There are 2 protein chains.
Amino acid sequence: MGRDGRPTRDKILAESKALVFENGFSGTSIDQILERTGITKGAFFYHFKTKNALARALIEEFAREDIFHMNEALKKTENLKEKPLERLLQFIQEFIDMMCEVEDPYSCLYASYTYEPSQFDEETLNHIAETMLTWRTTMELLIKDVLEKYDPTVDVDIKSLADHTVVIFEGAFVVSKALKGRDLTADHLKHLRNYFQLLFKPKKTTG
Amino acid sequence: MGRDGRPTRDKILAESKALVFENGFSGTSIDQILERTGITKGAFFYHFKTKNALARALIEEFAREDIFHMNEALKKTENLKEKPLERLLQFIQEFIDMMCEVEDPYSCLYASYTYEPSQFDEETLNHIAETMLTWRTTMELLIKDVLEKYDPTVDVDIKSLADHTVVIFEGAFVVSKALKGRDLTADHLKHLRNYFQLLFKPKKTTG
DNA sequence: AATTTTAAACAAACTAGTTGGTACAATAAA
DNA sequence: TTTATTGTACCAACTAGTTTGTTTAAAATT
């Protein structure tokens with residue numbers, strides 16, 4: 001057996017992610033990655049067959065962590081299963097709390113890749129879409145539970161309401177970065193929580 | 001008089017913008033631009049001293065059109081000046097109508113540049129931030145007019161509520177592109193309109 | 001006559017990816 | 001217990017092609 005390559009691989013992934021947020025993917029050269037990690041070209045191509053294999057590994061890791069956080073928030077609010085609106089609001093609150101700890105603008109690889117789509121293979125781009133659809137499915141379930149006990153105060157399309165959470169995340173990331181101040185995601189998730197709160201009122205049960 | 005260079009310059013700007021949305025800025029080569037426009041390298045560098053001068057021109061044109069549309073919507077709703085909530089809702093409605101006409105996902109240069117910030121000079125990035133702050137200022141005015149006659153049903157921070165419109169635009173662009181379907185911006189602006197509608201109720205005037 | 005555009009060659013720096021070889025750690029054979 | 005073997009992890013130098021940007025002289029447009 002040889003030595004353990006995981007620390008090197010992890011370092012490549014961590015530094016590459018940071019570089020992609022600064023330069024974009026095609027704006028990030030492998031030489032830059034070597035400089036930051038202190039490894040050599042041979043080592044890089046030992047771990048990743050091509051630059052695009054790195055892109056795939058990056059998005060897979062990012063999406064795995066994203067869905068992990070989503071499921072953690074789901075678990076944490078399981079005790080509110082019988083109070084679906086409270087659960088939905090608390091689910092959002094979990095992310096408000098999470099983003100309150102962030103100082104610098106948070107960046108999202110989905111948006112980064114989405115704005116230079118030609119640089120990635122179909123599989124990589126599909127992985128982003130599928131992860132977003134996982135969010136949609138989860139939000140749809142939470143919302144449908146609410147709709148059993150509450151009526152929307154205005155007419156809404158459930159699917160687009162389900163997508164609205166991801167929309168606000170992505171939008172808040174862009175605006176936070178563009179304004180170069182602190183991360184504003186928590187602030188905008190609060191508006192989402194407000195919207196959910198105002199949107200649903202107890203059902204008038206007829207009998 | 002010499003010949004008119006504007007058609008060539010405009011063609012460079014139009015094709016470059018499309019290419020930047022496909023490849024990102026650093027993923028777009030000048031050779032690609034020449035191929036699409038059918039002009040030569042000499043002509044390109046006659047109009048733009050550097051690749052970065054093109055980036056600046058692109059964002060200036062994009063921001064000018066953006067603010068133009070914003071001001072058009074402001075003008076169109078001026079007749080509702082005495083009904084500030086109706087005006088705010090109609091202001092958003094103008095963009096819902098506008099985005100309903102779009103089929104393919106709409107792209108935003110602000111987000112594109114924001115996700116590869118190191119590629120651009122400070123001036124270019126500041127122009128994006130300033131344009132977003134113009135949106136903030138406008139929205140703040142519209143919202144403050146509403147607050148004179150209406151009380152928010154839940155506590156909100158005005159500045160972040162003002163930013164929320166741009167957040168939803170940017171987020172909807174990202175999600176629309178990532179899901180590779182039709183543009184979803186109109187759908188999400190409807191949620192913003194709903195939120196404003198639910199957030200404000202007539203003031204209980206004490207007198 | 002002034003401005004715009006072409007064509008083609010050129011340079012210097014940078015690009016992703018390859019090559020041949022080395023250091024290392026665990027294991028198996030003597 | 002020493003020695004040979006094996007496969008992983010890594011390195012330095014190299015290749016072939018692309019990048020932005022320059023130059024120059026001629027030609028086209030108004």
Side-chain angles (χ1 to χ4, degrees), chain A residues 1-59 61 112-113 116-124, chain B residues 1-20 22-59 112-113 116-124:
Chain A
M1 277 298 133
R3 38 208 273 224
D4 185 11
R6 273 170 303 183
T8 300
R9 197 189 128 98
D10 289 348
K11 215 197 306 185
I12 294 172
L13 287 172
E15 296 299 332
S16 298
K17 190 168 73 175
L19 279 165
V20 168
F21 287 140
E22 294 168 35
N23 316 323
F25 181 73
S26 67
T28 299
S29 71
I30 289 167
D31 282 345
Q32 279 176 293
I33 298 170
L34 306 185
E35 212 178 316
R36 286 252 185 132
T37 52
I39 63 161
T40 59
K41 213 160 234 192
F44 177 89
F45 282 103
Y46 173 78
H47 286 284
F48 301 99
K49 208 180 169 191
T50 63
K51 196 192 174 195
N52 247 269
L54 169 68
R56 218 174 308 129
L58 275 176
I59 206 75
E61 192 192 45
S112 180
Y113 282 26
E116 41 178 346
S118 72
Q119 310 296 328
F120 309 98
D121 50 43
E122 215 56 32
E123 194 190 325
T124 301
Chain B
M1 281 296 132
R3 72 193 262 200
D4 186 12
R6 272 170 304 183
T8 300
R9 197 189 127 99
D10 289 347
K11 214 196 308 186
I12 294 173
L13 287 171
E15 297 299 333
S16 299
K17 190 167 74 175
L19 280 165
V20 169
E22 294 168 35
N23 316 322
F25 181 74
S26 67
T28 299
S29 70
I30 291 168
D31 281 347
Q32 279 177 295
I33 297 169
L34 305 185
E35 212 178 319
R36 285 252 186 134
T37 52
I39 63 158
T40 59
K41 210 165 234 192
F44 177 89
F45 282 103
Y46 175 79
H47 286 284
F48 301 100
K49 207 181 169 190
T50 63
K51 196 190 175 194
N52 246 268
L54 169 68
R56 219 174 308 129
L58 274 176
I59 206 75
S112 181
Y113 283 26
E116 41 178 345
S118 71
Q119 309 296 328
F120 309 99
D121 50 43
E122 215 57 31
E123 195 189 324
T124 301

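Convention: sequence-line order gives letters A, B, ...; per-chain numbering from 1. Computation of the quantities below employed the complete heavy-atom set of this structure, encompassing side-chain atoms and omitting hydrogens, waters and symmetry-equivalent molecules. As the structure is a computational prediction, the values presented were derived from the model and not from experiment.
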Do the side-chain N or O atoms of A:T50 get closer than 4.0 angstrom to the phosphate oxygens (OP1, OP2) of C:dG17?
no
So B:Y113 and B:L58, do their side chains get closer than 4.5 Å, heavy atoms only?
yes
Below 3.5 Å is the cut-off: list the nitrogen or oxygen pairs between protein and nucleotides 6-9 of chain C, distance only.
| residue | atom | partner | partner atom | Å |
| --- | --- | --- | --- | --- |
| C:dT6 | OP2 | B:T40 | N | 3.1 |
| C:dT6 | OP2 | B:T40 | OG1 | 3.0 |

Counting the atoms with a prime plus P, OP1 and OP2 as sugar-phosphate, which does A:S26 contact under 4.0 Å by heavy atoms, base, sugar-phosphate, or nothing?
nothing
Write down the distance between CD1 (B:I33) and C1' (D:dG21), rounded to a whole number of angstrom.
13 Å
Quickly work out the A:Y46 OH to C:dA16 P distance and round it to whole Å.
22 Å
Length of the NZ-P vector between B:K11 and C:dT5, whole Å:
9 Å
Without swapping roles, check the side chain of B:K51 against the backbone of B:F25 for a donor-acceptor pair under 3.5 Å.
yes
C:dC14, OP1 or OP2 - any side-chain N/O from A:S29 closer than 4.0 Å?
no
How many whole angstroms separate atom CD1 of A:I30 from atom P of C:dT18?
10 Å
Heavy-atom nearest nucleotide on DNA chain C for A:Q32 versus A:K49: which residue maps closer to 5'?
A:Q32
So, OP1 or OP2 of C:dT5: does either fall under 4.0 Å of a side-chain N or O from B:H47?
yes
Quick one: does any side-chain atom of A:N52 pair with a main-chain N or O of A:Q119 as donor and acceptor, under 3.5 Å?
yes
Scan for salt bridge (Lys or Arg N to Asp or Glu O under 4.0 Å) pairs involving residues 13-25 of chain A, sequence neighbours excluded, and state none if there are none.
A:E22-A:R36
Categorize A:T28 for me: base, sugar-phosphate, or nothing, with a 4.0 angstrom heavy-atom threshold over every strand shown.
sugar-phosphate
